Amino acid sequence: MAESPITQRSQDFAAWYQDVVLHGDMAEPAEIVKGCMVIKPNGYAVWEVLQRELDDRFKATGHQNVYFPLLIPQSFLQKEAEHVEGFAPELAIVTIAGGKKLEEPYVIRPTSETIIGHFFAKWIQSYRDLPMLLNQWANIIRWELRTRMFLRTTEFLWQEGHTAHSSHEEALEEVLRMLDVYADVAENIMAMPVIKGQKTSAEKFAGAVRTYAIEAMMQNGLALQSGTSHDLGQNFGRAFDVKFQTKEGQLDYVWQTSWGVSTRLIGGLIMSHSDDKGLVLPPKVAPVKSVLVPIYRKDDEKAQVLEAAHRIAADVGAQGVKVKIDDREGPSPGAKFFHWERRGVPLVLELGPRDVAANNIVLKRRDTGAKEVLPQSEVAARIPEALAQMQSDLYAAAKQRLKSNTVLANSIDEVQSILADVTAEKGGGKFVMAHLKDDPVCDARLKEFKATVRCIPLVDEYDGPGKCIVTGEPVDRRVVIAKSY
RNA sequence: CGGGGCGUGGCUCAGCCUGGCUAGAGCGCCUGGUUCGGGACCAGGAGGUCGGAGGUUCGAAUCCUCUCGCCCCGACCA
């Protein structure tokens, strides 16, 4: 057997990740465009599944899709002090267009709070116009210095929800509602357990009052911020003069939220489930859920096997699961098995002359590698079960990994020694739960060894209040500290 | 953006230090045949001017300058 083309996780996790993306045919670097990638059909199909799952939930919670311009007047970014400061270093700016230098440069959107703020001001006059619940699917550009496919690229795809409300309470409800939507998709569709929490003030979105996030743990123990939901307070309302008349006739600024997830989710998906053989996709996000590989030698065998294959595919199709028959002439069955394995297809069905003779079929699961031989009459019923089982097994395994790599620490030295040697390549990462005050001083202390507060969990699963390991002041719960992407 | 590494058929790479015949190999690809239960084999064949630009030279993949991109490390970030 040929050597695996994929670097083993234990050898170099970062190289493994890249190999999985490449061999899974998900994406490739855009070579001629710095820091960008080409998302290939196999990768984009996963994005389309995630889009559909998310979009359905957005619609179900009352949101409507819109589209705002890619180009934003530069002055808009400057209207919110923290916002401009946060984004200035990573902006791409258009200064020449139509062969002429522009009077006012356009920024290529790094996010759309500002331009949407401008239109909110036009559209909102009364409390009757609220809440305004919008979402847009878009591409954005942030000039990143270091890129990794899906995890951080200069251009990426995302959705950004933008809402305006008449009270802070209602806005906050929205922020947490959408955080729940993200957690739901992450856990129930992507089989990726997450911790919901609040970002420290040092880590929050530039311009937000508060930022909430879902944090996932990758197989190397590093944290991946997988979705964010911001309470913007009245910051953008003030900056863009988005005022409304209340029921009582007073004028007030709207309370806004924004929330987003991106193609980064795909990176998280890959680093949650894939193995040394390549991509592993949970059934619910797999564009192709099952592939049937026919095996035959002679023409008469071929005819019989393919006939049975099509009959079985039709039976299974009636259960709502499409079976792709890999009837390519060139590659041997073995080559086909490796091909689909690397691409993460959840179930591979093997059907050869022996099976045809015995009315059997072989079913193999991508995650466990387990093969089962079953009567053809049972396969249509069995496939949905196997897919469901794989979905829940993947989630359970990821959950278990999260659990077993989460540790408590009661001093800053302890935190440091746990995380000291952790890198994206070597792995060994942990989520360290420690009492820590939400104070930039504490964030700075962690930064000395390249760790960050990932979030202050919404639900405290540990021992409640304690003393901050940096300042000694009382805090009400442990926070998640980790190295991250 | 700083440090390091690297760009040679589709892919992985050799050649470069010490310029010089028609630029090589393996894999992949195409054709034909034999194969086919975990990456098949034989035969024939197509395909590169060496990331790009400029320079030195009788002569550049090889030396020099600039530039673009990729990877790794660091500072910044979804």
Side-chain angles (χ1 to χ4, degrees), chain A residues 1-5 7 12 14-15 17-19 22-23 28-37 85-91 110-111 140-160 182 199 203-206 211 213-216 223-230 258-268 277-278 293-299 301-302 305 326-342 348-358 360-362 364 369 371 373 423-426 447 450 452 484-485:
Chain A
M1 183 172 122
E3 224 168 285
S4 170
T7 307
D12 182 339
Y17 172 75
Q18 199 179 354
D19 285 345
L22 258 16
H23 288 280
E28 65 180 56
E31 61 189 23
I32 45 166
V33 188
K34 188 179 174 64
C36 293
M37 66 173 167
E85 194 189 325
F87 281 104
E90 38 185 320
L91 296 179
T111 178
I140 63 182
I141 284 191
R142 296 180 184 177
W143 214 256
E144 299 292 351
L145 301 179
R146 182 169 175 190
T147 57
R148 307 180 199 240
M149 284 188 287
F150 290 115
L151 301 174
R152 171 162 294 107
T153 47
T154 295
E155 180 183 9
F156 60 94
L157 304 180
W158 78 345
Q159 58 68 217
E160 44 180 326
Y182 291 157
K199 287 289 180 181
E203 293 277 334
K204 73 178 172 57
F205 175 72
T211 289
I214 51 172
E215 294 284 330
L224 184 75
Q225 183 179 123
S226 306
T228 52
S229 189
H230 313 295
S258 68
W259 26 274
V261 294
S262 71
T263 37
R264 170 178 260 199
L265 285 176
I266 297 173
K277 295 178 205 158
V293 176
I295 300 157
Y296 48 78
R297 304 175 206 208
K298 305 172 194 105
D299 282 349
E301 283 180 352
K302 177 178 172 181
V305 168
D326 184 356
D327 56 2
R328 289 174 296 161
E329 285 295 340
S332 65
K336 290 178 182 177
F337 296 144
F338 280 101
H339 176 80
W340 296 112
E341 184 170 77
R342 282 198 303 267
V348 170
L349 305 172
E350 307 181 17
L351 185 69
R354 292 206 299 266
D355 303 306
V356 170
N360 283 337
I361 188 161
V362 179
K364 184 175 181 187
K371 277 187 186 183
V373 180
T423 66
E425 297 72 39
K426 288 186 294 181
K447 203 170 171 182
K450 299 175 182 66
T452 49
S484 69
Y485 277 99

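Note that the structure is predicted; figures quoted are calculated from it, not measured.
Of the inter-residue distances, the one linking A/Ile141 atom CD1 with A/Thr153 atom OG1 reads 9.5 Å to the nearest 0.5 angstrom.
For the C1' atoms, the distance from B/G44 to B/A53 is 41 Å, rounded to whole Å. Rounded to whole Å, the C1' atom of B/G59 lies 47 Å from the corresponding atom of B/A75. Using C1' as the reference atom, B/A46 and B/C1 are 45 Å apart when rounded to the nearest Å. Nucleotides B/G9 and B/A25 place their P atoms 15 Å apart, quoted to the nearest Å. Rounded to whole Å, the separation between the P atoms of B/C21 and B/C63 comes to 16 Å. Between B/C17 and B/U12, the distance separating the two C1' atoms is 23 Å to the nearest Å. Comparing B/U62 with B/U49, their C1' atoms are spaced 13 Å from each other, to the whole Å. Atom name P, nucleotides B/G39 and B/G28: the rounded distance is 13 Å, in whole Å.
Residue A/Thr153 is classed as a base contact, given a heavy-atom separation below 4.0 Å to a base. Among the atoms of the strands shown, base atoms are found under 4.0 Å from some heavy atom of A/Glu144. Residue contacts for A/Lys371: at a heavy-atom cut-off of 4.0 Å it reaches a base atom on one of the strands shown. Nucleic acid contact class of A/Leu224 (heavy atoms, under 4.0 Å, all strands): none. Here A/Glu341 lies in heavy-atom contact (under 4.0 Å) with a base. Within 4.0 Å of A/Arg328, counting heavy atoms only, lies no atom of the nucleic acid at all. A/Tyr485 comes within 4.0 angstrom of nothing in the nucleic acid, heavy atoms only. Within 4.0 Å of A/Val362, counting heavy atoms only, lies at least one base atom of the nucleic acid. Residue-level contact check: A/Gly35 touches the backbone only, with heavy atoms under 4.0 Å from sugar-phosphate atoms and none from bases. Among the protein residues, A/Thr228 comes within range of no part of the nucleic acid, since none of its heavy atoms lies under 4.0 Å from any strand.
Mapped onto RNA chain B by nearest heavy atom, A/Pro29 and A/Glu90 fall at different nucleotides, with A/Pro29 at the one closer to the 5' end. Position along RNA chain B of the nearest nucleotide to A/Phe150 versus A/Ala15 favours A/Ala15 as the more 5'-ward residue.
The two residues A/Ala424 and A/Tyr485 have their closest heavy-atom pair at CB-OH, 4.0 Å. Closest of all the heavy-atom pairs between A/Glu144 and A/Thr154 is N-OG1, 4.1 Å. Here the closest non-hydrogen pair linking A/Val261 and A/Ser226 is CG1-O, 3.5 Å.
Look at B/C70: its Watson-Crick or wobble partner, with both distances under 3.5 angstrom, is B/G5. Partner assigned to B/U18 is none, using Watson-Crick or G-U wobble distances below 3.5 angstrom. Under the Watson-Crick or G-U wobble criterion, with both distances below 3.5 Å, B/A53 is paired with B/U65. Nucleotide B/G37 forms a pair with no other nucleotide shown, judged by Watson-Crick or G-U wobble geometry with both contacts under 3.5 Å. For B/U31, the paired base is B/A43 (Watson-Crick or G-U wobble, both distances below 3.5 Å). For B/A25, the paired base is B/U12 (Watson-Crick or G-U wobble, both distances below 3.5 Å).
Side chain of A/Lys277 to backbone of A/Glu341: no donor-acceptor contact under 3.5 angstrom is found.
Computed from coordinates, the A/Glu85 CD to B/C76 C1' distance equals 13 Å when rounded to whole Å. Atom-to-atom, NE2 of A/His339 to C1' of B/G39 comes out at 12 Å; the value is rounded to the nearest Å. Atom OH of A/Tyr17 and atom P of B/C72 are 11 Å apart (whole Å). Whole-Å rounding puts the A/Phe338 CZ to B/C27 P distance at 17 Å. We find that CG of A/Leu22 is positioned 18 Å from P of B/G28, with the value rounded to whole Å. Rounded to an integer number of Å, the gap from CG of A/Asp326 to P of B/G37 is 14 Å. Note: NE2 (A/His23) to P (B/C27) measures 17 Å, nearest angstrom. Rounded to an integer number of Å, the gap from A/Lys426 NZ to B/C72 P is 16 Å.
Among A/Leu22, A/Ile266, A/Thr263, the single residue meeting the side chain to side chain contact (heavy atoms under 4.5 Å, CB included) criterion with A/Met149 is A/Leu22.
For A/Ala335, whose side chain is taken as the heavy atoms from C-beta onward, the closest listed nucleotide among B/G39, B/C1, B/G37 is B/G39. For A/Lys447, whose side chain is taken as the heavy atoms from C-beta onward, the closest listed nucleotide among B/G37, B/C76, B/C71 is B/C76. Side-chain proximity of A/Glu350 to B/G37, B/C70, B/C1: nearest is B/G37.
Between A/Thr111 and A/Phe87, some side-chain heavy-atom pair lies under the 4.5 Å cut-off. The shortest distance between side-chain heavy atoms of A/Asp355 and A/Pro294 does not fall below 4.5 Å.
Checking the phosphate oxygens (OP1, OP2) of B/A75, a side-chain nitrogen or oxygen of A/Lys450 falls inside 4.0 Å.
Within a 6.0 Å radius of CZ in A/Arg297, no more than 12 heavy atoms belonging to other residues, nucleotides or ligands are found.
Ionic pairing of A/Glu215 and A/Lys199 is present here: one or more N-O contacts between side-chain nitrogen and carboxylate oxygen are shorter than 4.0 angstrom.
For the residue pair A/Thr7 and A/Asp19, a side-chain donor N or O sits within less than 3.5 Å of a side-chain acceptor on the partner.
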For nucleotides 29-36 of chain B, give me every protein contact, N/O to N/O, under 3.5 Å, one pair per line with atom names.
residue : atom : partner  : partner atom : Å
B/C36   : O2'  : A/Tyr296 : O            : 3.3
B/C36   : N1   : A/Tyr296 : O            : 3.4
B/C36   : N4   : A/Arg297 : O            : 3.2

